[in-house]
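Note sheet for the following structure.
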Amino acid sequence: MSMKRTPLPGVGVQYDVTTRSGRHLSVVVHQDGRRFLGFYAADDPDTCQASFKLDADEAASLAALIAPDAGPPDLAMGELDLATERIPVTAKSPYRGRPLGDTRARTRTGASIVAVLRRTAPHPAPGPDFRLEAGDLLVVVGTREGVEELAQIIAGG
């Protein structure tokens, strides 16, 4: 495994890791404590396939989980019945071409849109002004009922 550390002035530090099998991932540690994990295409190490934001507690839990000498982390949220789904935005969706905030997803369903996967690039933690396009996949977290309700709303049902 190889690791490269790159200072990002005004932002923090990026750590690029290449595994023995040739997979590339990065961790960007922001000065304010936020962390982003980036996963890259095996055949193109410059193409980020997915990116995820972790708060300090999530980063610590993940680190404890993958540390070889650590036991299982305290999964305080393990009893919550949360679902994570990918919801497509189709050409027939009433939200195609509209800002994400128009969905009022969290207010209406309690489910949160945590990322938008687009053919050109992933968009973690999109803001309310982010415009949805046909072909987008919404990464949604919430109760099973909330996620299912949001899928119906996005589909136009």
Side-chain angles (χ1 to χ4, degrees), residues 12 14-17 19 21 23-30 32-68 70-157:
Q14 178 171 333
Y15 298 90
D16 289 292
V17 176
T19 66
S21 66
R23 296 303 309 244
H24 174 207
L25 65 107
S26 70
V27 178
V28 176
V29 179
H30 287 252
D32 64 4
R34 292 176 298 145
R35 274 119 168 102
F36 285 84
L37 292 177
F39 299 90
Y40 294 82
D43 59 342
D44 183 358
D46 294 325
T47 301
C48 185
Q49 292 179 310
S51 175
F52 301 94
K53 178 182 174 185
L54 300 173
D55 65 26
D57 291 336
E58 292 168 329
S61 293
L62 180 60
L65 181 64
I66 62 175
D74 178 20
L75 299 176
M77 291 180 32
E79 294 181 20
L80 294 178
D81 185 22
L82 292 180
T84 303
E85 294 289 336
R86 293 181 181 194
I87 298 174
V89 178
T90 67
K92 295 180 180 182
S93 172
Y95 295 99
R96 179 182 56 90
R98 292 175 56 190
L100 182 64
D102 285 1
T103 67
R104 297 180 47 241
R106 192 173 316 133
T107 302
R108 294 169 71 184
T109 69
S112 296
I113 299 171
V114 298
V116 177
L117 305 178
R118 188 168 282 168
R119 286 182 288 277
T120 55
H123 299 275
D129 295 335
F130 183 89
R131 290 208 173 268
L132 299 175
E133 295 179 1
D136 286 348
L137 283 175
L138 308 181
V139 180
V140 178
V141 176
T143 63
R144 170 63 44 210
E145 296 79 19
V147 170
E148 289 173 0
E149 185 178 351
L150 183 54
Q152 291 176 353
I153 290 168
I154 297 299

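Looking at every heavy atom in both residues, Phe36 comes nearest to Ser51 through CD2-OG, 4.0 Å. For Cys48 against Gly38, the heavy-atom pair with the smallest separation is SG-CA, 4.2 Å. The two residues Arg119 and Gly135 make their nearest non-hydrogen contact at NH1-CA, 3.7 Å. Shown here for Asp102 and Tyr95, the closest heavy-atom pair between the two residues is O-CE2, 3.5 Å. Closest heavy-atom contact between Ile113 and Val116: CG2-CG2, 4.4 Å. Across Leu137 and Pro88, no two heavy atoms sit closer than the pair CD2-CA, 3.7 Å.
Looking at Thr90, its side chain does come within 3.5 Å of a backbone N or O of Lys92 through a donor-acceptor pair. One N or O on the side chain of Arg131 and one on the backbone of Gly97 form a donor-acceptor pair closer than 3.5 Å. Put simply, the side chain of Arg96 gets close to the backbone of Ala91: a donor and an acceptor are under 3.5 Å apart.
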key: Stepwise side chain to side chain contact (heavy atoms under 4.5 Å, CB included) test for Val17 and Val27   = CA-CA 8 Å; Val17 176; Val27 178; 5.8 Å; no
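Rounding to the nearest 0.5 angstrom, the gap separating the NE2 atom in His30 from the CD atom in Gln14 is 9.5 Å. Here NE2 of His123 is found 9.0 Å from CG of Leu117. Values are rounded to the nearest 0.5 Å.
Applying the ring-ring contact (aromatic ring centres under 6.0 Å, His included) rule to Tyr15 yields no partners; only residues at least two apart in sequence or on another chain are considered.
By the 6.0 Å contact criterion, CZ on Arg108 is enclosed, its count of non-hydrogen atoms from other residues, nucleotides or ligands being greater than 12. With a 6.0 Å radius and a threshold of 12 heavy atoms from other residues, nucleotides or ligands, Arg104 has its CZ atom at or below the threshold.
Between His24 and Tyr40, the two ring planes are parallel [angle under 30°; tilted spans 30° to 60°].
Applying side chain to side chain contact (heavy atoms under 4.5 Å, CB included) to Pro126 and the options Leu138, Leu100, Leu132 leaves one that passes, Leu100.
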Contacts under 3.5 angstrom, residues 146-157 side chains, donor-acceptor by atom type, not counting sequence neighbours:
none

